[in-house]
There are 2 protein chains.
Amino acid sequence: MTLLNVTDISSAACCAPLEREPLGADEAVALANTMKALADPTRLRLLSIVAASADGEACVCDLIEPVGLSQPTVSHHLKILTNAGFLTRSKRGTWAYYRLVPGALGRVGDVLGA
Amino acid sequence: MTLLNVTDISSAACCAPLEREPLGADEAVALANTMKALADPTRLRLLSIVAASADGEACVCDLIEPVGLSQPTVSHHLKILTNAGFLTRSKRGTWAYYRLVPGALGRVGDVLGA
DNA sequence: CAGATCTATCGAAGGCTGTCAATATCGAAT
DNA sequence: ATTCGATATTGACAGCCTTCGATAGATCTG
């Protein structure tokens with residue numbers, strides 16, 4: 001399964017700020033994989049919509065219309081974000097609710113030297 | 001010329017922190033383009049090597065061996081980083097020196113809610 | 001159980017990306 | 001002027017990504 005190297009969970013907590021010292025090859029790959037999860041307009045919108053949702057969570061059905069893509073595509077993006085450690089999934093009934101992982105985005109921000 | 005939507009200079013200063021409010025479609029595309037420039041292991045290493053270099057700058061010839069790729073490929077990545085607003089290029093003689101744009105990485109970090 | 005609904009997976013199509021070898025460009029030095 | 005050295009550009013190729021329609025799985029309702 002190729003699929004954007006899905007399975008880099010929490011690689012966000014990989015290393016010192018970028019400007020401190022040269023990244024090793026492995027660290028660079030790990031950080032790049034994390035950034036790839038964020039390097040898509042739809043996924044960025046999904047994250048921001050989930051973050052702004054009441055109770056801090058949203059089901060797939062809430063996300064399809066705002067981003068204007070098919071349901072399979074939305075599920076696909078949510079899976080990538082979840083595997084990258086930015087979202088958690090919890091199923092209640094037939095609905096799947098997605099929620100931000102606290103601090104996950106912030107850790108990436110820290111590495112960029114904010 | 002497709003080439004990674006080269007020409008999104010300084011789109012890093014695009015918007016409020018991701019978790020504040022839903023990203024508009026245009027903002028999302030701009031931010032994603034900026035993130036795409038960072039979503040590659042080689043480019044991340046190039047940034048960190050330049051940052052750690054004496055005098056804060058490095059020429060292409062200094063970067064080829066550390067990343068282990070061909071000279072055209074290194075030039076290609078440097079161009080993407082420059083067009084994305086993370087590096088500046090200054091030519092002295094036959095050498096091209098690259099330098100970090102102060103604050104560029106930090107602004108991206110801020111958007112991620114660091 | 002049957003039907004309806006919500007979500008995930010599969011398979012395919014098209015476009016984009018990273019990489020290289022070859023070549024062009026530009027400046028320096030003989 | 002010619003040659004040499006450092007970068008950038010071009011052209012090509014393999015692999016990956018986004019997207020969709022079709023389908024399967026799971027859960028509630030009647």
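In the text below, chain A, chain B and the rest are named by the order of the sequence lines, each starting its count at 1.
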(request) Measure across A:Gly85 and A:Ala104 and return the closest heavy-atom pair with its distance rounded to 0.1 Å. (result) O-CB, 3.4 Å

(request) Please check the phosphate of C:dT19 (OP1 and OP2 only) for any side-chain N or O of B:His77 closer than 4.0 Å. (result) yes

(message) Can you measure A:Tyr97 atom OH to C:dA8 atom P for me and round it to whole angstrom units?
(response) 13 Å

(request) Would you list the pairs meeting disulfide (SG to SG under 2.5 Å) in which at least one residue belongs to residues 38-112 of chain B, sequence neighbours left out? (result) B:Cys59-B:Cys61

(message) From NZ of A:Lys36 over to C1' of D:dT18, roughly how many Å is that when rounded to an integer?
(response) 14 Å

(message) Tell me whether A:Glu57 is salt-bridged to A:Arg89, with the criterion being a basic N under 4.0 Å from an acidic carboxylate O.
(response) no

(request) Check every atom of D:dT18, C:dT19, C:dA8 against the side chain of A:Ser75 and return the nucleotide holding the closest atom. (result) C:dA8

(message) From CG of A:Leu81 over to C1' of C:dT7, roughly how many Å is that when rounded to an integer?
(response) 16 Å

(message) Quick check against the 3.5 Å criterion: does A:Ser53 have a side-chain atom that pairs as donor or acceptor with the backbone of A:Ile49?
(response) yes

(request) State whether B:Tyr98 places a side-chain N or O below 4.0 Å from either non-bridging phosphate oxygen (OP1 or OP2) of D:dA8. (result) yes

(message) Could you check whether any side-chain N or O of B:Arg43 sits under 3.5 Å from a backbone N or O of B:Ala37, counting only pairs where one atom can act as donor and the other as acceptor?
(response) yes

(message) Output the rounded distance in Å from CE (A:Met35) to C1' (D:dC17).
(response) 17 Å

(message) If the cut-off is 4.0 Å, is B:Arg89 near the phosphate of D:dA8, judged by side-chain N/O to OP1 or OP2?
(response) yes

(request) For residues A:Arg45 and B:Ala25, report the shortest heavy-atom separation together with the two atoms involved. (result) NH1-CB, 3.7 Å

(message) Counting primed atoms plus P, OP1 and OP2 as sugar-phosphate and everything else as base, spell out the protein contacts along nucleotides 25-30 of chain C at 4.0 Å heavy-atom distance: B, S or - for each nucleotide, 5' to 3'.
(response) --BS--

(request) Using a cut-off of strictly less than 4.0 Å, decide whether B:Lys79 has a side-chain nitrogen or oxygen near OP1 or OP2 of D:dT7. (result) no

(message) Rounded to whole Å, how long is the line connecting atom CG of B:Leu44 with atom P of C:dG18?
(response) 11 Å

(request) Please list residues of residues 62-73 of chain A whose heavy atoms come under 4.0 Å from any atom in DNA chain D, ordered by number; otherwise none. (result) A:Leu69, A:Ser70, A:Pro72, A:Thr73

(request) Using the side-chain contact (heavy atoms from CB on, under 4.5 Å) rule, pick out the option among A:Leu87, A:Leu81, A:Asp40 that qualifies with A:Leu46. (result) A:Leu81

(request) Check the distance between D:dT19's P and A:Arg45's CZ and give it to me in whole angstrom. (result) 12 Å

(request) Compare the minimum distances between each of C:dG18, C:dT19, C:dA8 and the side chain of B:Arg43, then state the nucleotide with the smallest one. (result) C:dG18

(message) Let me confirm one number: the OH-CG distance from A:Tyr98 to A:Leu78, rounded to the nearest 0.5 Å.
(response) 5.0 Å

(message) Can you give me the closest heavy-atom contact between B:Val60 and B:Ser75, atom names plus distance?
(response) CG1-OG, 4.1 Å

(request) Round to the nearest Å and state the distance from A:His76 atom NE2 to D:dT23 atom P. (result) 21 Å

(request) May I have the distance from B:Asp40 (atom CG) to D:dG15 (atom P), rounded to whole angstrom? (result) 18 Å

